[in-house]
Amino acid sequence: MSAVTRTEEYDLKSVVCSNRLQGLWRLMTGFRLTYLGASVSLAGAALARAATFLLLRYFVDEIVASEGAGGQVAEIALGFVGLALLEGTFSFMSGSLAARSAEAVTRRLRNYLFDHIQRLSFAYHDRTATGELIQRCTSDVDAVRRFFSEQAIGAARIVMLFTVNLAALLRLNVRLAVLSVSVVPILVILSVGFFRRVSKAYEALQDQEAMLSTVLQENLSGVRVVKAFARQRFECDKFGQHNWERFLRGKRFLELHALYWPISDTLCGAQMLLSVGVGALMASNGSISVGTYVAYTGLIIWVIWPMRNLGRLIVDMSSGLVSYQRVAEVIAEEREPLDEGDWRPSQGVRGRVVFEAVGFRYPSGYAALSQVTFSCQPGQVVGLLGSTGSGKTTLVNLLPRFYEPTEGSLTLDGVELKRYPRQYLRQQIGIVEQEPFLFSRSIRENLTYGVDREVPQTEVEQAARMAAIHEDIMGFPARYGTIVGERGVMLSGGQKQRIAIARALLKDPRILILDDCTSSVDVGTEHLIRQALKRLMEDRTTFVIAHRVQSVITADLILVFDEGRIVDQGTHPELLRGDGIYRQIYDMQTRVEEALE
């Protein structure tokens with residue numbers, strides 16, 4: 001197995017740690033040697049720079065001040081050139097290796113996050129805003145990348161420069177060396193204090209950025225609704241409020257940065273002035289040579305100003321640490337166990353479904369279903385009728401194990417549903433939603449989405465004909481290669497609905513879930529679809545969610561829901577003989593249709 005494959009398969013669950021620096025170190029697994037190479041290159045560059053100033057001292061004291069040493073000038077010049085080349089080479093290697101490892105780490109992190117989010121439960125997605133996830137997968141991941149490519153390696157560079165140049169200063173003069181670093185403890189304390197405050201400010205800023213992303217994402221997704229209801233001004237005002245809050249938090253964050261620089265620059269400037277002044281006095285009274293003073297003035301710059309930049313990096317590193325924590329929170333979420341379960345029938349699923357006193361409560365405590373009991377045989381059609389929020393969709397979401405019942409027993413072919421692996425179970429179920437989602441791909445790719453095999457074009461066209469969409473597709477210039485646009489924007493509502501139906505038919509499931517899927521088509525097309533579905537639902541257990549009685553009138557069993565309970569059940573003739581909610585809905589819808597004719 002190649003190194004790339006091993007690093008790609010590394011489970012990032014292990015990077016979740018309360019100690020953020022330790023977590024970031026774990027995140028480097030597989031790329032630490034490369035990053036170590038960048039650090040070693042930094043040491044080489046720092047040594048070359050320090051050697052340049054020591055060579056400068058030798059040149060001033062031994063060559064310039066001596067007579068008859070002109071012959072060594074060329075050698076000294078070559079030495080300066082050689083050291084400059086070494087420093088440049090090591091600096092390039094350091095930047096290149098750091099960038100390579102940082103990009104590799106973030107590439108793996110992005111891939112893992114995308115895969116991880118696909119495997120999180122419906123409950124997690126219910127409580128987490130889309131904009132929040134987008135922010136963590138983009139802005140926060142990029143902040144982690146900058147931490148490795150700029151901040152961490154920058155801190156290592158500063159430490160190397162400080163250590164090497166301080167050692168060179170000690171070699172020149174111990175008193176001057178000690179004097180030169182007297183401001184360092186103050187800078188470190190100042191930086192740590194600002195780090196804590198900046199971390200909180202950056203976290204607040206990122207939270208607001210996520211809120212702004214959510215508002216923008218919702219607005220762009222629903223732009224047609226906004227225009228249809230002329231709500232542009234309302235949406236602009238709402239966005240403006242969130243943007244103003246983002247401005248305030250961003251200003252607070254930048255004010256902390258702006259406050260740090262004058263303080264650190266004043267301290268470093270005073271230290272520089274004091275050190276150079278003391279060095280000049282020592283050179284004038286003969287305590288140190290002129291060459292030593294020249295080398296000292298060069299080295300002191302690379303001791304004090306790197307420490308000043310270390311303070312900046314410590315403050316900037318707060319963004320990387322906060323972003324790591326935000327990303328780690330997503331990684332820490334438990335995945336939906338798709339392969340959990342021990343029952344995979346060798347003969348496949350037949351489709352006998354039994355609910356016995358099934359109840360379901362959302363994590364908030366809201367009871368969506370209560371004491372639901374019914375059964376259906378393989379190949380039967382079950383109609384689900386009721387007002388919005390009565391529990392119809394929640395019930396069918398239990399079948400693919402999007403959610404687990406909190407009460408009662410749910411069996412498929414006599415086996416508890418929880419014994420079926422989710423992955424296997426969902427391969428046996430086809431779903432057509434009320435508002436079908438199409439990807440910005442070709443019509444053919446949308447039709448074959450979810451079919452785990454190569455599908456011949458003839459089979460694709462046959463499914464399209466059965467869903468009464470083939471003629472529409474052939475009318476497009478690119479036919480089945482037509483790109484449908486984002487969320488199928490290039491298609492009408494009825495066309496999207498029929499493509500979703502054809503997609504479910506190509507999957508050839510044992511259980512069908514149809515969520516009022518004929519609501520967006522005209523009467524003629526609806527008739528064609530119903531005829532096709534009648535043929536295709538043979539030997540398949542089908543659940544039809546509907547708001548109109550006419551959509552479930554031929555069902556083998558009709559369940560009428562109200563506030564999460566079954567209040568009526570039976571066939572159409574049986575329910576018409578009663579005086580329950582079903583009869584009331586039927587009479588009301590019949591009168592409305594007669595009035596419209």
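Note that this is a predicted model, so its numbers are computed, not measured.
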Ring centers of Phe147, Tyr324 separated by less than 6.0 Å
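Ring centres of Tyr324 and Phe147 not closer than 6.0 Å.
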
Do the ring centers of Phe148 and Phe31 come within less than 6.0 Å of each other?
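Ring-ring flag for Phe148/Phe31: false, centres at least 6.0 Å apart.
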
Under a 4.0 Å threshold between the charged nitrogen and the carboxylate oxygen, would [Y] count as salt-bridged to [X]?
X	Y	result
Glu132	Arg136	yes
Arg100	Glu103	no
Arg335	Asp115	yes

Could you check if a side-chain atom of [X] sits within less than 4.5 angstrom of a side-chain atom of [Y], using non-hydrogen atoms only?
X	Y	result
Val354	Glu356	yes
Lys392	Thr394	no
Arg426	Leu338	yes
Leu385	Ile585	yes
Thr542	Ile511	no
Thr411	Leu417	no
Arg352	Thr541	no
Thr571	Asp556	no

Determine yes or no for a side-chain-to-main-chain donor-acceptor pair under 3.5 angstrom, with [X] supplying the side chain and [Y] the backbone.
X	Y	value
Asp140	Val327	no
Ser442	Glu445	yes
Thr29	Arg26	yes
Asn397	Phe402	no
Asp562	Val567	no

Shortest non-hydrogen contact from [X] toward [Y]:
X	Y	result
Ala502	Leu447	CB-CD2, 3.5 Å
Ala464	Ile473	CB-CD1, 4.3 Å
Leu12	Ile331	O-CG2, 3.6 Å
Gly389	Tyr366	O-OH, 3.7 Å
Ala504	Val432	CB-CG2, 3.6 Å
Val215	His242	CG2-CD2, 3.6 Å

Ring-face cation contact, Phe437 with Arg503, 6.0 Å cut, 45° max
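No, Arg503 does not sit over the ring of Phe437.
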
Between Phe439 and Arg441, is there a cation-pi geometry (under 6.0 Å to ring centre, at most 45° from the normal)?
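Verdict for Phe439: a cation-pi partner in Arg441.
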
Return the [atom1] to [atom2] distance between [X] and [Y], rounded to the nearest 0.5 Å.
X	Y	atom1	atom2	result
Asp11	His116	CG	NE2	9.5 Å
Ser18	Gln325	OG	CD	8.5 Å
Ser390	Glu563	OG	CD	9.5 Å
Asn446	Leu438	CG	CG	5.0 Å
Leu491	Thr482	CG	OG1	8.5 Å
Gln22	Leu27	CD	CG	12.5 Å

Which pairs of donor and acceptor atoms, one on a side chain in residues 340-347, lie under 3.5 Å apart (sequence neighbours left out)?
{"unit_1": "Asp342", "atom_1": "OD1", "unit_2": "Arg419", "atom_2": "NE", "d": "3.1"}
{"unit_1": "Trp343", "atom_1": "NE1", "unit_2": "Tyr420", "atom_2": "OH", "d": "3.4"}

A quick test of your reading: do over 12 heavy atoms of other residues, nucleotides or ligands sit less than 6.0 Å from [atom1] of [X]?
X	atom1	result
Arg20	CZ	yes
Asn19	CG	yes
Phe122	CZ	no
Glu454	CD	no

Partners of Thr130 by side chain to side chain contact (heavy atoms under 4.5 Å, CB included), sequence neighbours excluded?
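If we apply the side chain to side chain contact (heavy atoms under 4.5 Å, CB included) test to Thr130, skipping adjacent residues, the hits are Ile134, Gln217.
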
Name all residues meeting the side chain to side chain contact (heavy atoms under 4.5 Å, CB included) criterion together with Tyr124; count only those two or more places apart in sequence or in a different chain, and write none if there are none.
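Side chain to side chain contact (heavy atoms under 4.5 Å, CB included) check on Tyr124 returns Leu120, Ser121, Arg127, Thr128, Leu133, Val330, Glu333.
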
Take Val460 and Thr448 through the side chain to side chain contact (heavy atoms under 4.5 Å, CB included) test and state the conclusion after the steps.
CA-CA 8 Å; Val460 173; Thr448 57; 3.9 Å; yes

Just say parallel, tilted or perpendicular for the rings of Phe374 and Phe355, cut-offs at 30° and 60°.
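Correct class here is parallel.
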
Side chain to side chain donor-acceptor pair (under 3.5 Å) with Tyr424: which residues, sequence neighbours excluded?
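Tyr424 satisfies side chain to side chain donor-acceptor pair (under 3.5 Å) with no other residue.
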
With sequence neighbours excluded, tell me which residues meet side chain to side chain donor-acceptor pair (under 3.5 Å) with Arg565.
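Residues passing side chain to side chain donor-acceptor pair (under 3.5 Å) with Arg565: Ser370.
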
Asp515/Ile431 under side chain to side chain contact (heavy atoms under 4.5 Å, CB included): CA gap, chis, key distance, verdict:
CA-CA 8 Å; Asp515 190 353; Ile431 303 175; over 6 Å; no

Please report the C-alpha distance between Arg326 and Gln135 in whole Å, then the side-chain angles of each, then the deciding distance to 0.1 Å, and finally whether the side-chain hydrogen bond (donor to acceptor under 3.5 Å, both in side chains) criterion is met.
CA-CA 10 Å; Arg326 287 166 54 83; Gln135 185 74 8; over 6 Å; no

Does the side-chain hydrogen bond (donor to acceptor under 3.5 Å, both in side chains) test come out yes or no for Glu416 and Ser409, once each step is laid out?
CA-CA 7 Å; Glu416 283 289 338; Ser409 171; 2.5 Å; yes

For the residue pair Gln457 and Arg444, confirm or rule out a side-chain donor-acceptor distance under 3.5 Å.
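A pair is found: one side chain offers a donor N or O, the other an acceptor, under 3.5 Å apart.
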
Going by atom types only, do Glu461 and Thr458 share a side-chain donor-acceptor pair under 3.5 Å?
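Short answer, no.
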
Result of checking Arg498, Lys496, Arg465 against Asp472 for salt bridge (charged side-chain N to carboxylate O under 4.0 Å, His left out):
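When salt bridge (charged side-chain N to carboxylate O under 4.0 Å, His left out) is applied between Asp472 and each of Arg498, Lys496, Arg465, only Arg498 qualifies.
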
Please, which pairs that meet ring-ring contact (aromatic ring centres under 6.0 Å, His included) have at least one residue in residues 560-579, sequence neighbours excluded?
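Residue pairs with at least one partner in residues 560-579: His572-Tyr582, His572-Tyr586.
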
One pair to check against salt bridge (Lys or Arg N to Asp or Glu O under 4.0 Å): Arg422 and Glu336. What are the steps and the verdict?
CA-CA 9 Å; Arg422 290 178 176 84; Glu336 191 178 41; 3.7 Å; yes

